[in-house]
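Convention: sequence-line order gives letters A, B, ...; per-chain numbering from 1.
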Amino acid sequence: MAQIQITLPDGSRREYPKGVKPSEIAASLSQKLAKNALAAKVDGRLVDLNRPIDGDALVELVTFDSPEGQAVYRHTTAHVLAQAVKRLFPEARLTIGPAIEDGFYYDFDVEKPFTPEDLERIEAEMKKLIQENLPLERSEVSRKDAVALFKKAGEPYKVELAEELPEGETISLYRQDGFVDLCAGPHLPSTGRIKAVKLLSAAGAYWRGDEHNRMLQRIYGTAFDSQKDLEEHLHKLEEAKRRDHRRLGKELDIFSIHEDAGPGLIFWHPKGGHVRELIENFWREEHRKRGYDIVYSPHIAKVDLWKTSGHWGWYRENMYSPMPIDEVEYLLKPMNCPFHILMFKSQMRSYRDLPLRWAELGTVYRYERSGVLHGLLRVRGFTQDDAHIFCRPDQLQQEIMGVVDLARFMMKSFGYKDYDVKLSVRDPNNKEKYAGSEEVWQAAEGALVGALTALGIPYEVDEGEAKFYGPAIDIKVKDALGRGWQGPTIQCDFNLPERFDISYVGEDGAPHRPVMIHRTVLGSMERFVGGLIEHYAGAFPLWLSPVQARVMPITDRHHEYALRVAEELRAAGLRAEVDTRNEKVNYKIRQAQVEKVPYMLVVGDKEVEAGTVSVRHRETGDLGPVKVEEFKHRARKEIEEKV
RNA sequence: GCUCAUGUAGCUCAGUCGGUAGAGCGCGUCCUUGGUAAGGACGAGGUCAUCGGUUCAAUCCCGAUCAUGAGCUCCA
């Protein structure tokens, strides 16, 4: 029998008979690998473990440790889900069922939505199918046969999918027991390989994500290669629920939303207002330090201005209806940029004046469909930490570097350590969608790339993610639970300077078009604070805590001293209050813990005598007595360091 | 906007197979003066989301509306 040469990821080579299967290679390498391999990458292509290899190849065995392995594993679980549903609901029509981050889903066309009880039954059925350890068999068919097969099976969605596959594409089917699905694969060799599975929820979803299409019923689930990991994951979901900013926002009295006022409109309570004020003050200070000027602009403007800016054309869907004032129509602003441009145009600008960096905490209003509103994260009125930089083309890269540096500084200051940087560029196949010439785009992309390179920041390119007016750097931050959040964005804009025909006088005495950078480092105060609440699980670091220290007298004969201590702390710039209620210290402590007050200062006879406070920290617990002076010093240091 | 679910005291939730409701927490008063996560007693709080319909009678059944939640799509 002919031999072929298999190269392994570590570079070593081994001989195998022609037609060897990846599973056999795994078995020849180690028992562990034979057990853990889920699929294989042959010359970079992901294939089934039992797919024979016909020639020399680079083979890598894929396990659950890799994202590809997890995807294969969960994709197979999705098939098991589909099979279980077909067993229990034979009239259900199959559509699609991919693996997604942390799990999988499968969409079915059924008459009635699935109930939680249905999910339990389906999950039980899935476990049976796993028990049965059914092998998954791959077969390749012609498109005609595939279409005929699914027509006969009464699966119209599968027929539609098969018909749309490009000419010449290999069409594969995966079969387990009586269940057949149109699928590119690869898959696990058998259903018994699935160790731990859990169905999470059911919800409606449109066929192909288009609301004009029929609504299908989607079942979400997840699968892991051990019960322990599954439980850990479910635990993480619980933890996320515990940190939900809507829940904590209410518990900590940070904000509210009122049916009487309208959905998506935020009311900042004193505690939330305090946190926001602290963030805004810090923000202003940092911007001043970095050469920004702070501006304010109105909330409404004439419709004509929005026509000039292009918003009336491009963005009308998100804007509220015009209001007539003295027979002229006005619109509530969804963005601040046109206003900053008007200010730019208020006088002649010289190349010597540039760059102009104008920042505004600008409150804007955007229409969002009722179904997408979500606590502080998706609202209809919000305050952006907006800024526009007007600069010369030769200053562009330097300015972008400045913004990236500021963005990084801000993220660090708020305890975000991990982030991914994306370069959002045009969709190369659809360049007509974008305003501006090829040269301008290339220059702008060059400037963005140049800035990232100069700062040594690795990034990924996201094609088709650019705004219509220019490319952007989008930063995704990761919170304490490893979840991604939209962070700072830096966009180059060539469209608005053109539309408003703004210019500066160059060295040559001629008018030149400035470049505009549109950027935000926090996003909006609403979304940012919502994210912070979840990131810190409500326990804001000392510098952001609305109440930094609460003094707790043990009996009322200690009140006078307690009040004096609090007064002294306040004089030192600390936010301190006294709990003079007729309650035991235990109770006062419990309450302060629940409110996540960083420092509890217990004072009784001993403290009054010695001029001390007994410090308890919300996380580290009882720290013992210290002089008031000493506590002030420590707290101020902690605030300074923003930890 | 669409699909489904939910809406009962400030909060979290019971409950009534149709006869106008209850707990815990919180709040108030009193007792208690207690050293690192809940001391005790008493009390006040609800047009059961809103509007209609069926019924002798609706918080409960039906319909509409509004809001919230899980998704679909989009973004700060």
Peer 1: Could you pull out all residues at least two apart from Arg590(A) that satisfy side-chain hydrogen bond (donor to acceptor under 3.5 Å, both in side chains)?
Peer 2: none
Peer 1: Write out a two-atom table: protein N or O, nucleotide N or O from nucleotides 39-48 of chain B, distance below 3.5 Å.
Peer 2:
none

Peer 1: May I ask you to list the residues of residues 599-614 of chain A, by number, that have any heavy atom positioned under 4.0 Å from an atom of RNA chain B?
Peer 2: Val602(A), Gly604(A), Asp605(A), Lys606(A), Glu607(A), Ser614(A)
Peer 1: For residues 332-340 of chain A, tabulate all N or O donor-acceptor pairs below 3.5 Å that involve a side-chain atom, not counting sequence neighbours.
Peer 2:
unit_1: Lys333(A); atom_1: NZ; unit_2: Ser297(A); atom_2: OG; d: 3.0
unit_1: Lys333(A); atom_1: NZ; unit_2: Pro298(A); atom_2: O; d: 3.1
unit_1: Lys333(A); atom_1: NZ; unit_2: Asn336(A); atom_2: OD1; d: 2.9
unit_1: Asn336(A); atom_1: ND2; unit_2: Gln384(A); atom_2: OE1; d: 3.4
unit_1: Asn336(A); atom_1: ND2; unit_2: Asp386(A); atom_2: OD2; d: 2.8
unit_1: His340(A); atom_1: ND1; unit_2: His388(A); atom_2: ND1; d: 2.8
unit_1: His340(A); atom_1: NE2; unit_2: Glu360(A); atom_2: OE1; d: 2.7

Peer 1: Using Watson-Crick or G-U wobble pairs with both distances under 3.5 Å, give me RNA chain B in dot-bracket, 5' to 3', with [ ] for crossers and | for pairs to another strand.
Peer 2: (((((((..((((.....[..)))).(((((.......))))).....(((((..]....))))))))))))....
Peer 1: Please set out all donor-acceptor pairs under 3.5 angstrom arising from side-chain atoms of residues 236-247 of chain A, sequence neighbours excluded.
Peer 2:
unit_1: Glu239(A); atom_1: OE1; unit_2: Arg242(A); atom_2: NE; d: 3.0
unit_1: Glu239(A); atom_1: OE1; unit_2: Arg242(A); atom_2: NH2; d: 3.4
unit_1: Glu239(A); atom_1: OE2; unit_2: Arg242(A); atom_2: NH2; d: 3.0
unit_1: Glu239(A); atom_1: OE2; unit_2: Arg243(A); atom_2: NE; d: 2.8
unit_1: Arg243(A); atom_1: NH1; unit_2: Glu534(A); atom_2: O; d: 2.7
unit_1: Arg243(A); atom_1: NH1; unit_2: His535(A); atom_2: O; d: 2.9
unit_1: Asp244(A); atom_1: OD1; unit_2: Arg246(A); atom_2: N; d: 2.8
unit_1: Asp244(A); atom_1: OD1; unit_2: Arg246(A); atom_2: NE; d: 3.0
unit_1: Asp244(A); atom_1: OD2; unit_2: Arg246(A); atom_2: NE; d: 3.3
unit_1: Asp244(A); atom_1: OD2; unit_2: Arg246(A); atom_2: NH2; d: 2.5
unit_1: His245(A); atom_1: ND1; unit_2: Glu534(A); atom_2: OE2; d: 2.9
unit_1: His245(A); atom_1: NE2; unit_2: Leu376(A); atom_2: N; d: 2.8
unit_1: Arg246(A); atom_1: NH1; unit_2: His374(A); atom_2: ND1; d: 3.4

Peer 1: For Arg366(A), give me all partners under side-chain hydrogen bond (donor to acceptor under 3.5 Å, both in side chains), at least two apart in sequence or on another chain.
Peer 2: Tyr315(A)
Peer 1: Can you list every pair that meets salt bridge (charged side-chain N to carboxylate O under 4.0 Å, His left out) and has a residue in residues 260-276 of chain A, with sequence neighbours left out?
Peer 2: Arg276(A)-Glu280(A), Arg276(A)-Glu526(A)
Peer 1: Only counting residues at least two apart or in another chain, list the ones meeting side-chain hydrogen bond (donor to acceptor under 3.5 Å, both in side chains) with Arg93(A).
Peer 2: none
Peer 1: Residues two or more places apart in sequence or in another chain: which of them pass side chain to side chain contact (heavy atoms under 4.5 Å, CB included) with His258(A)?
Peer 2: Ser256(A), Ala261(A), Phe267(A)
Peer 1: Would you indicate what Tyr105(A) reaches in the nucleic acid, counting non-hydrogen atoms under 4.0 angstrom: base, sugar-phosphate, or nothing?
Peer 2: nothing
Peer 1: Nucleotide by nucleotide, 5' to 3', does protein get under 4.0 Å of the base (B), only the sugar-phosphate (S), or neither (-) in nucleotides 62-76 of chain B, counting heavy atoms?
Peer 2: ----BSSSSBBBBBB
Peer 1: With sequence neighbours excluded, what pairs up with Arg616(A) under the side-chain hydrogen bond (donor to acceptor under 3.5 Å, both in side chains) test?
Peer 2: Gln593(A)
